[in-house]
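Taking it in order: structure first as structure tokens, then the write-up.
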Amino acid sequence: MTGRPISAATRLFAVLGDPVAHSLSPALHGAALAARRLDAVYLALRCGDREAVGLVRGLALAGGGGNVTVPHKRRAAEAVDRRTGAVERTGACNTFWSDDGAVWGDNTDVAGFRGAVTALLPEGVAGARVLLLGAGGAARAALAGLLDDGVREVAILNRSVDRARELIRGMGAEGSATALDGEGALSGEDFDLVVQATSLGLHPSDPLPTSLDRCGGVGAALDLVYGREPTRWVRAARERGVPAADGREMLLLQAAAAFRRWFGDPVPMAEMRAALNERDG
Ligand code: NAP
């Protein structure tokens with residue numbers, strides 16, 4: 001879908017990743033471009049990391065821009081000339097464009113995560129105690145968002161504890177985050193929020209990253225993974241009576257923040273949300 005008929009002035013935007021065929025970004029941004037009647041197209045391009053670097057710079061300097069997804073977010077952070085604070089802190093870039101001859105990068109996953117937390121927990125996480133499952137790119141964005149919002153304490157549980165330690169060290173979060181040495185460390189602990197940021201849950205046969213039964217009281221649960229149906233982890237939380245949401249709100253809000261970087265306000269949220277609900281999974 002394009003905002004207007006393609007012309008010699010049409011700007012090219014794309015999501016770069018591998019794999020990328022499952023991405024919902026073209027549907028979300030296509031709906032937003034059409035709603036604003038902008039002269040731009042948004043495509044999904046599967047590419048290797050060397051090509052991703054060239055595409056980030058080439059698309060941006062040709063007057064377009066785009067998004068970057070797994071596994072190229074780190075390479076993209078190195079490829080841009082100017083980095084927002086979110087890119088500096090996470091070492092990952094998911095949104096790029098150019099301004100005044102310089103290629104800019106942002107990591108709108110951080111803003112998307114913060115918005116998704118607010119939708120689930122309107123009182124926010126200031127002073128809260130949070131359990132974060134995972135230590136990859138999504139967990140990195142989540143930790144940055146939690147720190148921005150004044151979280152009191154974050155316990156990180158990851159399959160490889162060394163990666164959790166490295167995440168904490170890399171983000172200078174030693175004052176408020178600790179790495180848990182295995183599930184046993186949970187034993188009855190209370191958390192205001194549990195964030196599922198591993199890649200488990202994309203496939204129906206995936207195991208749960210851990211059981212909430214290992215915790216004591218849990219205020220709310222947020223899964224960063226999403227699918228057509230509520231994820232297994234979201235269902236497990238709800239069965240325990242814990243309010244839970246999957247990653248669709250974060251996806252929508254990171255896309256909205258990226259669109260704002262490229263085209264400014266207004267962001268056609270209703271159209272983007274409708275496209276997500278039509279195409280989710
Ligand atoms: P990543 O960097 O590859 O990290 C994967 C994480 O999952 C690591 O913590 C890894 O643990 C853990 N993991 C993988 N397989 C596991 C297994 N069999 N058992 C236990 N742990 C396992 O991936 P990512 O970029 O963080 O993405 C994670 C998920 O978040 C993806 O599904 C992605 O779609 C989702 N996400 C959603 C949004 C959104 O907008 N909703 C945005 C970004 C990402 P190890 O460190 O031990 O390998």
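Both counts, for ligands and for their atoms, begin at 1 and track the order of listing. For this chain, numbers begin at 1 and follow the sequence in order.
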- Query: Does the pair S7 and D39 meet the rule for a side-chain hydrogen bond (donor to acceptor under 3.5 Å, both in side chains), with working shown?
  - Reply: CA-CA 8 Å; S7 74; D39 191 3; 2.9 Å; yes
- Derivation and outcome, side-chain hydrogen bond (donor to acceptor under 3.5 Å, both in side chains), residues N67 and S25: CA-CA 8 Å; N67 293 119; S25 294; 4.6 Å; no
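- If you chain together ILVMFWY residues whose side-chain heavy atoms come under 4.5 Å of each other, V161 ends up in a group of its own.
- Under the side chain to side chain contact (heavy atoms under 4.5 Å, CB included) rule, L167 has a single partner from I156, T90, N158, which is I156.
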Show the distances, to 0.1 Å, for all pairs joining an N/O atom of ligand 1 and a protein N/O atom that are shorter than 3.5 Å, listing one pair per line.
residue	atom	partner	partner atom	Å
ligand 1	2 (O)	G137	N	3.0
ligand 1	7 (O)	S199	N	3.1
ligand 1	7 (O)	S199	OG	3.4
ligand 1	9 (O)	A135	N	2.9
ligand 1	9 (O)	N158	OD1	2.7
ligand 1	11 (O)	N158	OD1	3.2
ligand 1	18 (N)	R159	NH1	3.3
ligand 1	26 (O)	G137	N	3.0
ligand 1	26 (O)	A138	N	2.7
ligand 1	40 (O)	L251	N	3.3
ligand 1	41 (N)	L224	O	2.9
ligand 1	41 (N)	G247	O	2.9
ligand 1	46 (O)	N158	ND2	2.8
ligand 1	46 (O)	S160	OG	3.3
ligand 1	46 (O)	R163	NH1	2.8
ligand 1	47 (O)	N158	ND2	3.4
ligand 1	47 (O)	R159	NE	3.1
ligand 1	47 (O)	S160	N	3.1
ligand 1	47 (O)	S160	OG	2.6
ligand 1	48 (O)	R159	NH2	2.8

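- Grouping Ile, Leu, Val, Met, Phe, Trp and Tyr residues whose side-chain heavy atoms lie under 4.5 Å apart, directly or via other members, places L202 in a hydrophobic cluster with V225.
- Residues forming a side-chain hydrogen bond (donor to acceptor under 3.5 Å, both in side chains) with R235 (at least two apart in sequence, or on another chain): none.
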